[in-house]
Amino acid sequence: MTLSNLAVRDIETLVHPNTNLAQLRETGPLVLERGRGIYVYDNEGKSYIEGMAGLWCTALGYGNEELVEAAAAQMRKLSFAHLYNGRSHDPAIELAEKLKEIAPIPISKVFFCNSGSEANDSQIKLVWYMNNALGRPKKKKIISRLRAFHGLTIAAGSVSGLIYNHIDFDLPLPGFLQTGCPHHYRFAHDGESEEAFASRLAVELEELIIREGPDTVAAFIAEPVMGAGGVIIPPRTYFEKITQVCGKYDVFVIDDEVICGFGRLGTQFGCQALNFRPHSISIAKALSSAYLPIAGIMVPDIMYQALVDESRKIGTFGHGFTYSGHPVSAAVALKTLEIYGRERMVEKVLAKVPQFQARATALADHPLVGEARGIGLMAGFELVADKRSKAAFDVAKGVSGRCVSLAEQEGLIARALPGDTIAVCPPLIISPQEIDDMFDRLGRALDRTLEWARRERLMTL
Ligand SMILES: Cc1ncc(COP(=O)(O)O)c(C=O)c1O
C-alpha cells in the first residue's frame, strides 16, 4: 500500500488520540480536507457520509455559515476575555442564561470548560469540594459503570470503564469504583426481563455502596445511553431504580450528556428520554455543533451554595481554565442553540427517528449482526460469529475494524466500538434520503464483511 505524502507526514509528526499507533504506521490515516452538509471529503477528493457526526458532535453538519459568521463577528469584537478573578463577558453570561432556561432539571449556575473530559473531571472535583464544604470529608468515592466512557483525563479516565483507557495508564485511581453495565443482550440472565435485569443492577449498586460504606461514596456518574462503550441503551426502569438507590444513600448523581445532549435521542437532553433525574449535568460536543471546543457543567443550587460557603471560609474557588467560557466558543454555542430552537431541531429529529430506527432494526436480520440497537438518531450493530449462541469474534481478527474500512470504501464513515459493535450517529440535519443512502452503504459494508469472514472461516454458523 502506498501512502500519500500527507499520510507519511502525519505518521512522522503526530501522536493520534485513541488509536492503535503501530497499526497506523502500516495503514496511514484517513486525511480529511473539507466538509459540506453531512459529507466530508478526503485529500484525494473522495466523499463520505460522516455517519458518526465526527465524534458524535457535528450536529449541524459542515459549512454552516451562520456559525462561521458568529465566530468571526466575536473574534472581531473581543477575541478573548477570561472569567478568572471576577472578570466576565456577555457571550458567557448569555450562554449560561440560555442553558439555565433549557435545563431539564433545576440548576443554579453553569461552569464552563473546553471538553467533555474537563467537564467530568470538574464534576468530580466539585463533588469532592462540596463534600468538604458540607463537613463530610470521607464521602469521596465515585461509582461509574463498566463500559462507560466519560473522557480521558486522569479522573474522567478513571470513571471510564473501557480496558484500553486504563491498561498501562495506571488507572483507575484509588477511590473509583465500577458497577455493572446495563446491556441486556450481553449481561441479562437467560429469560430475565428488562425490568428484572434493571432491578438486579440496582441491587448490585446498593451492595457495592453498602460494602464500601455509604459515608464514603460521593457520586454516581452515567451517560443516558452509553456511546463509546457500544451504543448501550439501558433496560426499562433502570434509571428510576438506580437513582432511587443513590437517593437512599445520599449519593450525588451526575448525568454525562456529552453525546446525548441537544437532540440526539429525540429529546433536548438524553435524560428526558430515559426517565433519568440527575443532580448535575455535563455538556459538550453538540453544544457548539463542534465548530469550536466548549463544554460545561450545569450546577445545582446545593452544590453552588457549598462552593460559595467554601469561598467564605477559605477564599478563592481554585478551579477553572484559561479558556473557561471562551467568548468565541460561547458566541458559537449561543448561535448553535439559537439554530436548534429556530429550526425546531428536536421535533425534526423526532420526525426522522421512525425511518432511521426501522432501517437500523432491519439490519438485525443480517447474518453478522447479533443485536441491532438504537434510539433517536444513533444506532449500534453488534457483530457476532454465531447469532444463536451470541458467540463473539476473536478480538484479534478485527472484524468490526474490517467492516469500518469496507464502509469507508463504500463512502461511509462509521466507527468500530468495543464488543465488535459498529456505530452510526450522523449529523442531526441528515435528510430522509440521506438516511436511506447511509444504511444502504452500511448494508453493503456488512455484506462484504460477511463474505470476508466466511472466506476466513470466522463464522461458526
Ligand atoms: C459521554 C462522553 N463523555 C465524555 C467524553 C469526553 O469528551 P472529550 O473527548 O471532549 O474530552 C466523551 C467523548 O466522546 C463522551 O462520549
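All ligand and atom numbering here is 1-based and tracks the order in the structure. Note that this is a predicted model, so its numbers are computed, not measured. Just so you know, these numbers use all the heavy atoms, side chains as well, and skip hydrogens, waters and symmetry mates. Residues take their numbers from the sequence shown, with the count starting at 1.
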Which residue owns the protein heavy atom closest to atom 3 (N) of ligand 1, what's the atom, and how far is it?
D256 OD2, 2.7 Å
Of all the non-hydrogen atoms in the protein, which one sits nearest to atom 14 (O) of ligand 1, and at what distance?
K285 NZ, 2.8 Å
Among all protein heavy atoms, pick the one closest to atom 10 (O) of ligand 1 and tell me residue, atom and distance.
G116 N, 2.9 Å
Quick check on contacts: which atoms of ligand 1 are under 4.0 angstrom from a heavy atom of S115?
10 (O), 11 (O)
Would you kindly specify which portion of E223 sits under 4.0 Å from ligand 1, judged on non-hydrogen atoms: side chain, backbone, both or neither?
side chain
Just so I know, are the side chains of Y185 and I232 near enough to count as touching, which here means a heavy-atom distance under 4.5 Å?
no
Under 4.0 Å between heavy atoms, the region of N120 that gets near ligand 1 turns out to be side chain
Are F269 and F262, when compared by the centres of their aromatic rings, separated by less than 6.0 Å?
yes
Any non-hydrogen atom of M226 lying under 4.0 Å from ligand 1?
no
Where on E118 is there a heavy atom closer than 4.0 Å to ligand 1, on the side chain, on the backbone, on both, or on neither?
neither
Would you say F149 and L417 make side-chain contact, with heavy atoms under 4.5 Å?
no
Just by distance, do the side chain of T216 and the backbone of K139 share a donor-acceptor pair under 3.5 Å?
no
Which ligand 1 atoms, with their elements, are less than 4.0 angstrom from a heavy-atom of I259?
16 (O)
Examine the side chains of S400 and R415 and answer whether a donor and an acceptor come within less than 3.5 Å of each other.
no
Among all protein heavy atoms in this structure, tell me which lies nearest to atom 9 (O) of ligand 1, with the distance rounded to 0.1 Å.
S117 OG, 4.3 Å
Looking at Y323 versus F112, is the centre-to-centre ring distance below 6.0 Å?
no
Angle between ring planes, H82 versus Y84, binned at 30° and 60°: parallel, tilted or perpendicular?
perpendicular
